[in-house]
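First up is the structure itself, then whatever we jot down about it.
Atom set for the values below is all heavy atoms of this structure, side chains included, hydrogens, waters and symmetry mates excluded. Letters A, B, ... mirror the listed sequences (proteins, then strands); counts begin at 1.
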Amino acid sequence: MKTAYDHTGIEDEIYKAWEASGLMQADVKSDKKPFTIVLPPPNVTGQLHLGHAAMLAIEDIMIRYKKMKGYEALWIPGTDHAAIATETVVVKKLGLTSREEMGREEFLEEARKFAEEKHDTIVNQTKKMGAWLDWSREAYTLDEARNTAVKTMFEMMYEDGLIERGHRMINWSTGAQSVLSDDELEWEDIKEPFYYIRCGEFIIGTVRSETKCSDSPVVVHPEGDYVRVKYKPTPPLVREGDRPDLSGRGGLKEETFIMSRHLFENTELRQKTLNLLDGEFVLVESMKGKELEGQSFEYHTYAGKRKFFVLCDEAIDMEKGSGAMTISICHAGDDYEIAKRHKDKLADYYFEKIDKKGHMTQKAGACAGMTVIEARKASGKIMKDQGLLVGMDYNYEHRVPKCYRSDCVVEPMISPQWFIMVEKEFTDRFGGGQTTLKAQMQEAVRGGHINIIPDKFDKMYFHWIDNLRDWCISRQIWWGHRIPVWYDKEGNIKAYGRTEGKAIDPSWIQDEDTLDTWFSSALWPFSTLGWPNESGLPGSPDSDFEKFYPNDVLETGWDIIFFWVARMIMFGRYATGKYPFHTVYLHGMVCDEHGKKMSKSKGNGIDPLEVIGEVGADAVRLSLVIGSTPGNPIPLGHNKIKGYRNFVNKLWNAGRFVKMQMGVSKPTPNPSLVREGGYCPPDKGDRPDLSGRGGLFKEGDLSLPDRWILSRFSTVAKEVSESLETYQISAAGDAIYHFVWNEFCDWYIEASKVDMNTEVLGFVFAEILKLTHPLCPFITENLWKEVFQTQELENLRTEEQFIIETSYPDLNMVDQKSEEDFALVQKIVTALRKLRTDQKLNPKEKLQAKIKADAEAFKDQQKLIIDLGQLSDLSILSSSSLTGGSSSADLDSRIKSENDNLLSLIVEGIEVLVDIPIDEEAEKARLGKQRAELEKKKVALEGRLSNPSYRDKAPEALVKQTEAELEQVSSEIAKLKS
RNA sequence: GGGCGCUUAGCUCAGUUGGCUAGAGCAUCUCGUUUACACCGAGGAGGCCGCGGGUUCGAAUCCCUCAGCGCCCACCA
């Protein structure tokens with residue numbers, strides 16, 4: 001064994017051995033209680049990033065822990081075809097400007113090849129993390145089985161009327177050339193000029209100047225208060241940063257405007273808004289919006305002369321702009337809503353100003369053919385030059401939607417698409433009566449069927465559902481599940497859903513579009529378990545679906561709670577009648593050590609594969625799970641990783657020490673250690689019992705450190721299990737870290753060097769390896785083999801065992817007395833070490849000391865203190881050990897008088913006298929400081945006890961405890977003073 | 001604009017029903033080449049728990065105000 005742990009090579013070797021062992025494959029016929037997690041499938045074209053690494057670490061810990069706890073643990077791996085993301089990448093890789101340059105089939109073949117190549121990469125990277133996945137059940141969101149599930153789901157929902165096709169306002173990604181769901185938008189803050197434009201007498205405000213190029217209704221509020229005003233300019237119109245309007249077409253001449261009373265009367269706002277007009281506004285008349293209705297007029301737009309007419313609608317906000325607006329029915333959601341209410345009047349106004357590529361149509365006149373962004377600038381300039389503007393705000397800030405995959409502009413457009421109706425009533429197939437998908441999703445969490453960790457996401461979840469609109473599931477891309485609908489030449493639907501056993505007429509045409517990638521992802525918890533083929537079929541008791549569905553925990557990053565988690569809940573409940581899992585564990589985003597998002601430009605990114613190469617997967621796993629709590633950012637930096645690398649090395653070296661003590665021969669069973677009728681090892685062969693259910697050691701054989709470490713281990717193992725049960729992985733890791741380092745290594749191993757019990761040493765270390773295994777699978781397996789097994793890795797399964805085959809530690813050897821006794825030893829030894837530091841003594845110099853104690857009861861501690869405190873002797877002061885006989889009348893004062901040349905340490909009220917040359921000054925200072933601290937504490941305790949309400953109302957035990965403390969503090973002070 | 005959350009040591013963060021002297025890692029200071037480990041050991045220093053108020057015998061913890069920070073949703077006139 002090397003002095004420093006070297007993970008290189010061995011991790012891959014261990015993973016291969018696990019795979020070869022067959023142990024990773026869950027047994028559907030097992031009697032054990034199932035525990036199931038489905039791996040959130042990484043994008044097949046992706047690289048392993050830190051988010052995956054965190055996910056893998058957390059889920060692997062859960063799986064290994066449950067497996068060692070005796071569950072039939074199943075963790076299903078898989079990959080996601082990631083429709084839009086992959087298609088975008090493939091188009092780029094093939095050097096196409098659009099997929100149409102290649103035929104559909106040819107393109108799909110290329111995409112398939114690409115996905116296959118990339119698949120192996122992500123799978124191998126997943127294995128690097130040590131993930132205990134059942135590869136025999138690996139799934140893919142775009143494979144045959146999942147396609148069957150998709151078609152079945154589509155069919156069910158279509159028949160229930162929950163899937164409909166219709167023309168609606170949708171989000172169009174000009175880059176991906178597809179519709180996107182509301183959740184697939186990413187919003188970007190930008191600053192753009194905001195224009196106030198003349199439109200006849202009206203003034204309309206817009207940031208989208210390019211859309212103001214066509215015939216349009218001017219919409220006003222029917223009950224809104226409007227005014228017609230006369231505008232009298234104040235020439236010359238020259239101001240800083242502005243040029244006089246020399247065109248003579250506006251600004252300088254008298255004219256009339258119609259605006260909201262709100263704008264007219266708020267002078268400050270008016271000046272700010274109509275900042276290109278400098279003059280006087282004089283009221284001509286007042287009117288309600290409805291009085292304006294129906295008026296029509298012609299006016300110049302940047303693209304030429306256009307017709308307008310006035311329409312009333314209550315959607316108008318009188319406080320915004322001038323209280324009037326024109327609408328672009330095909331290019332804005334709100335406008336479309338207004339148009340729907342005025343169908344009869346607006347039939348002629350449904351025309352596209354922007355095409356699917358994001359270019360302006362012929363409607364845009366001079367700007368036709370430009371991109372939206374170009375046209376926005378150009379049209380603004382034209383309008384300014386032509387005097388069509390009455391106001392401008394250069395600092396208007398708003399947010400624009402971008403495509404989350406192709407990062408291009410998203411345009412609202414009207415298009416025929418397929419939708420899942422989340423608010424439509426249907427009859428629950430599982431006896432839930434009339435309900436809606438929305439209601440089922442709400443019930444999942446509200447009814448306590450699903451527990452979200454941390455619970456702050458409950459609110460986010462409900463908020464999302466409350467605002468949820470129908471889910472657009474069709475996509476105009478090729479890579480994905482093609483929508484299972486067939487039309488005849490007239491466009492009538494002739495077939496849908498599953499095709500097995502159905503006659504598909506060759507003349508029918510399948511829908512060109514594919515399904516949203518999240519449609520197949522939403523089926524993942526049960527499509528991976530054989531649904532629909534293995535579900536609900538009588539007499540299929542051994543099916544994965546029966547055994548492992550519902551899943552137990554769904555673990556993922558909180559950022560896909562809506563994309564994925566909510567939709568799995570929706571589909572799971574709808575299709576199987578059961579919520580797909582009982583617990584949702586959401587981890588946060590990995591960020592750098594200062595809480596900043598990792599990004600290439602900042603250079604603070606960490607590549608998980610690179611660091612695994614440097615320090616090994618175990619250290620990386622610990623870095624990702626310790627020091628972070630669910631839902632909160634996971635801070636990660638090289639310092640942290642280094643810290644856990646050091647821990648892994650510490651564990652390694654503890655293993656080396658244990659192995660050295662156990663000798664070259666492997667440990668053999670010591671019959672004297674196993675009690676009559678005690679624990680019987682469940683394992684094959686005559687190996688030592690390292691499983692530790694208690695009843696293993698004879699009381700009399702155990703030293704104080706033995707009893708202490710067994711007791712402490714019992715407590716810590718319990719804490720760790722409890723933490724893992726309650727998904728507090730960080731707390732579990734922290735407890736292990738400190739137990740191993742600060743108790744086992746710092747104290748037990750040190751004590752062992754003096755008085756060795758190799759059975760206990762080996763036993764506790766073996767238990768530590770088991771306890772740590774879920775967090776650090778590689779090094780624990782490695783040490784398990786090195787220290788406790790005789791066989792090589794490949795033979796472990798048949799001849800001995802892998803560590804995961806053992807039981808998770810559950811030891812009941814808590815011994816309060818030993819813990820207290822050992823704690824006193826630790827405190828006295830620490831005090832002695834501090835004394836050496838303070839007095840600048842040679843650390844190697846052995847000291848003489850004395851202590852007052854019961855010689856027999858203190859025997860164990862005495863020896864330990866001598867050894868660990870580097871003493872030559874620690875004599876026990878008792879009445880008989882003092883000169884002048886056995887009278888114990890005033891033992892303390894006699895001790896004092898006979899030893900007043902010795903330095904006195906007060907530890908836990910016990911006086912330790914040390915024979916060293918006393919530096920009077922330093923000693924005085926030390927005592928003064930200690931006394932001050934004690935006095936301060938005494939005052940606090942007395943204050944509390946002198947409060948009658950405290951004695952009255954605080955629990956009795958607490959009051960007693962306070963009294964005991966006061967007593968001890970007082971006695972310590974007395975000893976210091978004497 | 002609506003909502004959620006955070007503020008604890010120099011840094012990153014724990015602190016689970018209110019109760020011992022508020023903890024950890026890293027950084028820092030002093031000492032140390034003790035044969036498991038220098039990827040180490042020993043010891044130390046460092047906190048009005050954001051500000052102000054309230055409830056309580058008792059508040060980092062519960063309630064309210066304010067300030068600062070972060071996030072989610074909505075928002076294209």
Does [X] reach a base, just sugar-phosphate, or nothing at all? Heavy atoms under 4.0 Å.
| X | answer |
| --- | --- |
| A:G321 | nothing |
| A:T326 | nothing |
| A:N947 | sugar-phosphate |
| A:F194 | sugar-phosphate |
| A:Y396 | sugar-phosphate |
| A:P633 | nothing |
| A:Q870 | nothing |
| A:P955 | base |
| A:I316 | base |
| A:E593 | sugar-phosphate |
| A:I626 | nothing |
| A:Q839 | nothing |
| A:H331 | nothing |

[atom1]-based separation of [M] from [N] [nearest Å]:
| N | M | atom1 | answer |
| --- | --- | --- | --- |
| B:U7 | B:G54 | P | 23 Å |
| B:G15 | B:C20 | C1' | 15 Å |
| B:C66 | B:G1 | P | 14 Å |
| B:G25 | B:G41 | P | 11 Å |
| B:A9 | B:C4 | P | 27 Å |
| B:C62 | B:A74 | C1' | 32 Å |
| B:C57 | B:G18 | C1' | 12 Å |
| B:C37 | B:U21 | P | 41 Å |

Is atom [atom1] of [X] surrounded by more than 12 heavy atoms (other residues, nucleotides or ligands) closer than 6.0 Å?
| X | atom1 | answer |
| --- | --- | --- |
| A:K272 | NZ | no |
| A:R341 | CZ | yes |
| A:E725 | CD | yes |

Would you check if the distance from the ring center of [X] to the ring center of [Y] is below 6.0 Å?
| X | Y | result |
| --- | --- | --- |
| A:Y396 | A:H398 | yes |
| A:Y5 | A:F647 | no |
| A:Y461 | A:F562 | no |

Shortest side-chain distance from [X], nucleotide among [options]:
| X | options | result |
| --- | --- | --- |
| A:C745 | B:G19, B:A36, B:U21 | B:A36 |
| A:R833 | B:C37, B:U12, B:A42 | B:A42 |
| A:A654 | B:G43, B:A36, B:G5 | B:A36 |
| A:N649 | B:G44, B:A36, B:C37 | B:C37 |
| A:K953 | B:A36, B:C72, B:C57 | B:C57 |
| A:D334 | B:G19, B:U16, B:C76 | B:C76 |
| A:H738 | B:G25, B:A14, B:U12 | B:G25 |
| A:N653 | B:G25, B:A14, B:A36 | B:A36 |
| A:V207 | B:C76, B:C37, B:C57 | B:C76 |
| A:L941 | B:C75, B:U21, B:C13 | B:U21 |

Whole Å only: how far is the [atom1] atom of [X] from the [atom2] atom of [N]?
| X | N | atom1 | atom2 | answer |
| --- | --- | --- | --- | --- |
| A:N632 | B:C4 | CG | P | 17 Å |
| A:N467 | B:A74 | CG | P | 7 Å |
| A:L835 | B:G43 | CG | C1' | 12 Å |
| A:E743 | B:A24 | CD | C1' | 14 Å |
| A:D592 | B:C11 | CG | P | 15 Å |
| A:N646 | B:G41 | CG | C1' | 14 Å |
| A:D746 | B:A36 | CG | C1' | 12 Å |
| A:N171 | B:C75 | CG | P | 10 Å |

Considering only NZ, NE, NH1 and NH2 on the basic side and carboxylate oxygens on the acidic side, decide whether [X] and [Y] come within less than 4.0 Å.
| X | Y | answer |
| --- | --- | --- |
| A:K718 | A:E722 | yes |
| A:R944 | A:E942 | no |
| A:E192 | A:K377 | no |

Would you say [N] has OP1 or OP2 under 4.0 Å from some side-chain N or O of [X]?
| X | N | value |
| --- | --- | --- |
| A:R836 | B:G41 | no |
| A:K753 | B:A36 | yes |
| A:S328 | B:C76 | no |
| A:K2 | B:C37 | no |
| A:K456 | B:C71 | no |
| A:W741 | B:G25 | no |

- Do the side chain of A:R656 and the base of B:C37 come within less than 3.5 angstrom through a donor-acceptor pair of N or O atoms? no
- Quick one: does A:K459 reach the base of B:C4 with a side-chain donor-acceptor pair under 3.5 Å? no
- Query: Pick the nucleotide of RNA chain B nearest each of A:T830 and A:G655; which residue has the one closer to the 5' end?
  - Reply: A:G655
- Would you mind telling me which residue lines up with the more 5' stretch of RNA chain B, A:K834 or A:S730, judged by nearest nucleotide? A:S730
Give none if [N] has no partner; otherwise give the nucleotide forming a Watson-Crick or G-U wobble pair with it, both distances under 3.5 Å.
| N | result |
| --- | --- |
| B:G18 | none |
| B:C49 | none |
| B:C71 | B:G3 |
| B:G32 | B:C40 |
| B:A59 | none |

- Message: Students often mix this up, so state it plainly: with edges at 30° and 60°, are the rings of A:F744 and A:F765 parallel, tilted or perpendicular?
- Response: parallel
